[in-house]
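Below is one structure, written out as structure tokens, with a few remarks after it.
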Amino acid sequence: MKNLNSFDLPESNRLQRNFFQRDPETVARELLGCGFAHRCGDEWLGGWIVETEAYLANDDPACHGARGPGSSNASMFAEAGSLYVYPIHAKFCVNLVTEGVDIGSAVLIRAIEPVWGIDIMMQNRGTTDPRRITSGPGMICSAMRVDRSSDGIDVTRSSEWILGVGHQVNHKVIATPRIGIREAADLPLRFFVDGNRYVSGLARQHSRPRRDVLGQINQRSS
DNA sequence: GTACTGATCGGCT
DNA sequence: GCCGATCAGTACG
């Protein structure tokens with residue numbers, strides 16, 4: 001098992017508050033290629049982010065913050081860099097709060113390429129199929145053991161979480177409408193790494209076969 | 001590979 | 001009760 005804090009995702013790579021204090025569209029794009037990991041006891045669980053969606057503070061009825069703060073979405077209005085975890089269809093999804101306090105915008109993490117604690121994540125998901133571990137927002141939360149107890153945690157400071165700079169993927173990001181929403185279903189606010197095999201959704205939205213893996217690119221260049 | 005269906009359950013009204 | 005930023009299973013090309 002790889003040691004998360006040796007070379008893959010050192011503490012010095014951790015994203016700081018100012019990274020998140022920008023509009024959610026920019027943050028969603030730039031989170032692609034970053035490492036996202038949760039520590040459970042001695043084991044780190046997580047991987048490289050390959051698919052995200054932005055939810056805007058203004059003119060976005062699909063955003064959970066659109067009707068202002070309430071008991072279930074309060075952390076969407078917390079400090080930028082906080083986790084917003086909510087339940088949906090008997091599963092959980094995890095977001096990162098953007099901009100700042102009282103704004104109500106966030107980025108949904110839709111898919112990661114599994115890297116750390118893969119065997120534990122396979123156990124948590126009840127499958128050995130690599131493409132069924134973290135290729136969807138509900139899958140990520142069950143694989144990485146995220147539930148409402150993580151809601152509101154500040155990932156720029158928590159010792160149980162790290163979100164850090166990883167791979168450069170700016171040149172191969174594709175934008176499409178967001179998945180599974182009824183309102184504002186036309187806005188192109190979903191972003192993913194072109195050709196990555198762990199992205200959810202339709203293969204034909206990629207410009208090439210969905211086979212690439214960020215970790216392999218890393219091995220080739222090192 | 002794509003399209004469609006229905007189970008599931010926390011948090012709301 | 002009702003709803004949903006989902007997913008697994010099924011059917012089909």
Side-chain angles (χ1 to χ4, degrees), chain A residues 20 23-25 27-29 31-32 36 49-78 82-99 103-114 121-152 174-192 194-212:
Chain A
F20 301 100
D23 65 280
E25 195 170 345
V27 175
R29 283 181 172 275
L31 277 174
L32 297 177
F36 182 48
I49 297 172
V50 295
E51 181 182 357
T52 58
E53 284 178 359
Y55 286 84
L56 314 180
N58 301 117
D59 302 315
D60 184 5
C63 179
H64 286 183
R67 292 181 200 174
S71 55
S72 62
N73 66 350
S75 57
M76 262 205 92
F77 296 85
S82 301
L83 294 178
Y84 165 51
V85 182
Y86 70 92
I88 178 99
H89 290 284
K91 315 256 180 348
F92 291 97
C93 295
V94 62
N95 296 249
L96 288 150
V97 176
T98 54
E99 297 181 279
I103 303 292
S105 65
V107 173
L108 170 69
I109 310 299
R110 279 200 60 89
I112 68 174
E113 175 179 314
M121 292 198 290
M122 288 193 303
Q123 277 185 349
N124 292 342
R125 290 276 305 120
T127 180
T128 55
D129 179 352
R131 288 222 28 221
R132 296 222 155 169
I133 305 176
T134 54
S135 295
M139 297 187 203
I140 288 176
C141 288
S142 62
M144 290 175 63
R145 293 216 193 109
V146 185
D147 58 27
R148 270 236 130 194
S149 65
S150 297
D151 185 54
I174 289 182
T176 72
R178 296 171 293 185
I179 292 179
I181 55 172
R182 305 175 47 118
E183 314 223 54
D186 52 329
L187 301 177
L189 293 175
R190 168 179 174 246
F191 306 96
F192 61 85
D194 186 25
N196 187 277
R197 69 180 300 213
Y198 297 103
V199 173
S200 73
L202 301 176
R204 62 163 177 256
Q205 294 183 318
H206 296 246
S207 78
R208 58 182 130 160
R210 209 173 32 172
R211 289 185 199 126
D212 293 358

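Just so you know, these numbers come straight off a predicted model, no measurement behind them. The sequence lines fix the lettering, A, B, ..., with proteins before strands; numbering per chain opens at 1.
- Residue whose closest nucleotide on DNA chain B sits further toward the 5' end, between A:G201 and A:K91: A:G201.
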Would A:L96 and A:V27 satisfy side-chain contact (heavy atoms from CB on, under 4.5 Å), going step by step from the backbone distance to the final call?
CA-CA 9 Å; A:L96 288 150; A:V27 175; 5.8 Å; no
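- Distance CG (A:D151) to C1' (B:dG11): 13 Å, rounded to an integer number of Å.
- When the nucleotides C:dC7, C:dA5, B:dC9 are ranked by their closest atom to the side chain of A:M139, C:dC7 comes out on top.
- Regarding A:I88, its CD1 atom lies at a distance of 11 Å from the C1' atom of B:dC9, rounded to whole Å.
- A:H206 has its NE2 atom 14 Å from the C1' atom of B:dT2, to the nearest Å.
- Counting atom types as modelled, A:H89 pairs no side-chain N or O with a base atom of C:dA5 as donor and acceptor under 3.5 Å.
- Between C:dC7, B:dG11, B:dG1, one nucleotide has an atom nearer to the side chain of A:A203 than all others, and that is B:dG1.
- Counting to the nearest Å, the C1' atom of C:dC7 and the CG atom of A:L202 are 15 Å from each other.
- Rounded to whole Å, atom C1' of C:dG4 lies 14 Å from atom CG of A:N95.
- Close to B:dG11, at under 4.0 Å from its OP1 or OP2, lies no side-chain N or O of A:S72.
- What separates CG of A:L83 from P of C:dA5 is a distance of 19 Å, to the nearest Å.
- With A:R178 as the fixed residue, the side chain to side chain contact (heavy atoms under 4.5 Å, CB included) test singles out one of A:D186, A:D60, A:L108: A:D60.
- The base-pairing partner of B:dT8, taking Watson-Crick or G-U wobble contacts with both distances under 3.5 Å, does not exist among the strands shown.
- The side chain of A:R204 lies closest to B:dT2 when the candidates are B:dG11, C:dA5, B:dT2.
- Across the protein-nucleic acid pair, A:R131 atom CZ and B:dT2 atom C1' stand 13 Å apart, rounded to whole Å.
- The only option from A:H206, A:Q205, A:R210 that meets the side chain to side chain contact (heavy atoms under 4.5 Å, CB included) definition with A:D194 turns out to be A:H206.
- Separating the CZ atom of A:R197 from the C1' atom of B:dG1 is a distance of 15 Å, rounded to the nearest angstrom.
- Ring planes of A:Y86 and A:H64: perpendicular class, angle over 60° (limits at 30 and 60°).
- When each of A:F92 and A:Q205 is assigned the nucleotide of DNA chain B bearing its nearest heavy atom, the one mapping closer to the 5' terminus is A:Q205.
- Once the 5.5 Å centre distance and the 30° plane angle are applied, the aromatic ring of A:Y55 is found stacked with the base of C:dA5.
- When each of B:dG1, B:dG10, B:dC12 is scored by its nearest atom to the side-chain atoms of A:S71, the top-ranked nucleotide is B:dC12.
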Could you walk me through whether A:V97 and A:S75 satisfy the side-chain contact (heavy atoms from CB on, under 4.5 Å) test, starting with their C-alpha distance in whole Å, then the side-chain angles of each, then the deciding distance to 0.1 Å, before giving a yes or no?
CA-CA 8 Å; A:V97 176; A:S75 57; 5.5 Å; no
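- Each of A:L108 and A:R125 was matched to the nucleotide of DNA chain C holding its nearest heavy atom; the match closer to the 5' end belongs to A:L108.
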